[in-house]
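Working notes for the structure below.
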Amino acid sequence: MAPRRREPSPTEADSGSDVEFNLDVQDKSSDVMTQALTSIDKWKSKRSGIQKGIDKDYTNKVIALKNKIKAHYRDELQKISDHNKQQLERLIAALEKRMACEENISKKIDSLRDDTAHLAMLLDAVYAGRKEAATQAARSAHPDLLQN
């Protein structure tokens with residue numbers, strides 16, 4: 001149950017007209033309104049300051065996250081670059097080794113070609129010498145057969 005209303009004191013009841021009472025209430029209400037507006041403005045500015053702080057914190061965190069992501073991708077790119085560089089160095093070393101082997105093979109082939117030509121010359125000389133020796137032996141054994 002609601003509390004009972006306070007009875008006006010005899011001075012308030014006998015003080016005069018209602019207009020005077022309404023002016024008093026209006027004066028109090030305007031004071032309350034200005035205080036309320038002042039309080040609202042104070043809270044709005046406080047809220048605005050807090051929102052700006054939140055926005056600043058959010059912006060800083062987003063910037064930090066972006067920088068972290070950029071650093072991560074930069075590190076990954078560096079790792080990939082280093083890996084590709086190592087592969088390229090290994091490929092160059094393998095090609096240099098292959099070229100050296102091919103050069104050695106070419107030198108051996110040239111050497112074998114020279115040796116083969118030398119052997120062919122020796123075999124031709126041996127063949128010619130044996131042929132001549134056989135021909136002379138045949139002439140001395142049968143001088144009348146080989147008169148051509």
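In what follows, every heavy atom counts, from backbone to side chain, and hydrogens, waters and symmetry copies are set aside. These numbers were taken from a predicted model, which means no experiment stands behind them.
In this structure, the side chain of S111 does not engage the main chain of K107 through any donor-acceptor pair within 3.5 Å. Side chain of T59 to main chain of D55: a donor-acceptor pair is present (N/O by atom type, distance under 3.5 Å, no hydrogens or angles). No donor-acceptor distance shorter than 3.5 angstrom exists from the side chain of S106 to the backbone of E102, with no hydrogens or angles considered. Of the possible polar contacts, none joining the S48 side chain to the K44 backbone as a donor-acceptor pair under 3.5 Å is found.
D82 and Q78 share a donor-acceptor pair across their side chains, judged by distance under 3.5 Å alone.
I50 contributes atom CD1, which lies 11.5 Å from atom CG of D57 (distance to the nearest 0.5 angstrom). Once rounded to the nearest 0.5 Å, the distance linking OG1 of T135 with CZ of R130 reads 13.0 Å. In this structure, CZ in R139 is found 7.5 Å from CD in Q136, a value given to the nearest 0.5 Å. Distance check, rounded to the nearest 0.5 Å: NZ of K42 to CD of Q35 gives 11.0 Å. A distance of 10.5 Å separates OH of Y73 from CD1 of I80, quoted to the nearest 0.5 Å. In this structure, CG in L112 is found 11.5 Å from CD1 in I105, a value given to the nearest 0.5 Å.
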Start with the C-alpha distance between E89 and K85, add both sets of side-chain angles, then the distance that settles side-chain contact (heavy atoms from CB on, under 4.5 Å), and finish with yes or no.
-> CA-CA 6 Å; E89 288 172 355; K85 186 177 178 181; 3.6 Å; yes
Start with the C-alpha distance between K56 and N60, add both sets of side-chain angles, then the distance that settles side-chain contact (heavy atoms from CB on, under 4.5 Å), and finish with yes or no.
-> CA-CA 6 Å; K56 185 177 179 183; N60 289 340; 3.8 Å; yes
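Under the 4.5 Å side-chain criterion, counting only non-hydrogen atoms from C-beta, L91 is not in contact with Q87.
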